[in-house]
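Below is one structure, written out as structure tokens; comments come after it.
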Amino acid sequence: MAWLPPSFAWGNFSVLAVGVWAIAQRDSIDAVLMFLMGMIVTVLTDIIHFGIYYPRNSLTPDWGWDVFRFSAGMAILSLLLKPVSCFFVYQMYRERGGDYNVNFGFPSVSRNRDTYQSIDQQDESSSPANPFNQAQDSKPGARTY
């Protein structure tokens with residue numbers, strides 16, 4: 001990386017280390033979520049680094065034109081592949097049991113009560129009203145001990 005500052009390398013290698021941790025810890029949802037958030041942050045910082053540090057003039061840099069072109073091409077390719085990687089990391093997060101649903105709409109409260117059983121209305125077949133099977137109008141019989 002002939003033209004990018006060390007902060008570019010530190011940010012990307014840190015996310016790479018978190019990614020190795022996320023793959024090694026197969027039961028950790030937090031590691032995958034941290035890797036996903038790190039990938040999203042590095043997409044934004046890579047765009048900022050390119051905007052600030054890309055040479056503005058067409059003169060050949062001091063270190064050589066070929067080295068610059070290769071380094072710029074690999075950095076841009078890395079940036080282009082990061083959204084695809086974020087998609088696959090999100091799928092891995094969902095497979096491990098993560099339930100963060102992305103909602104781009106307005107926040108709304110909706111209560112779906114179809115799956116709940118009301119306590120006001122009891123099902124006649126599952127719980128009888130008279131558990132001892134006695135008639136309501138009859139008097140209790142004589143007990144024999």
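We count residues from 1, following the sequence as given.
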Does Phe8 form a side chain to side chain contact (heavy atoms under 4.5 Å, CB included) with Phe50? I'd like the steps, not just the answer.
CA-CA 10 Å; Phe8 177 81; Phe50 293 164; 4.2 Å; yes
Kindly write out the residues that satisfy side chain to side chain contact (heavy atoms under 4.5 Å, CB included) with [X], not counting sequence neighbours, or none if the list is empty.
X     : value
Val43 : Ile47, Leu79, Lys82
Leu16 : Phe13
Gln91 : Phe87
Ser28 : Gln25, Asp30, Ala31

Checking one residue: Trp10. Which other hydrophobic residues are in its cluster under the side-chain 4.5 Å linking rule?
none
Please indicate whether Met92 has more than 12 foreign heavy atoms, meaning atoms of other residues, nucleotides or ligands, lying under 6.0 Å from its CE.
yes
Contacts of Ser85 meeting side-chain hydrogen bond (donor to acceptor under 3.5 Å, both in side chains) (sequence neighbours excluded), chain-then-number -> none
The complete set of salt bridge (Lys or Arg N to Asp or Glu O under 4.0 Å) pairs with one or both residues in residues 15-28, sequence neighbours excluded, reads none
Output the distance between atom [atom1] ([X]) and atom [atom2] ([Y]), rounded to the nearest 0.5 Å.
X     : Y     : atom1 : atom2 : result
Ile29 : Leu33 : CD1   : CG    : 9.0 Å
Asp46 : Leu4  : CG    : CG    : 8.0 Å
Met37 : Tyr93 : CE    : OH    : 7.5 Å
Thr45 : His49 : OG1   : NE2   : 6.0 Å
Met39 : Asn12 : CE    : CG    : 8.5 Å

In one Ile/Leu/Val/Met/Phe/Trp/Tyr side-chain cluster, 4.5 Å: Leu81, Leu44:
no
Are Tyr54 and Trp65 joined in one hydrophobic group, where the rule is that I, L, V, M, F, W and Y side chains link up if heavy atoms are under 4.5 Å apart?
yes
Who are the ring-ring contact (aromatic ring centres under 6.0 Å, His included) partners of Phe70, not counting sequence neighbours?
none
Can we call the ring centroids of Trp3 and Tyr53 under 6.0 Å apart?
no
Are Val32 and Leu36 close enough, and set up right, to give a side chain to side chain contact (heavy atoms under 4.5 Å, CB included), and what steps lead you there?
CA-CA 6 Å; Val32 177; Leu36 180 62; 5.6 Å; no
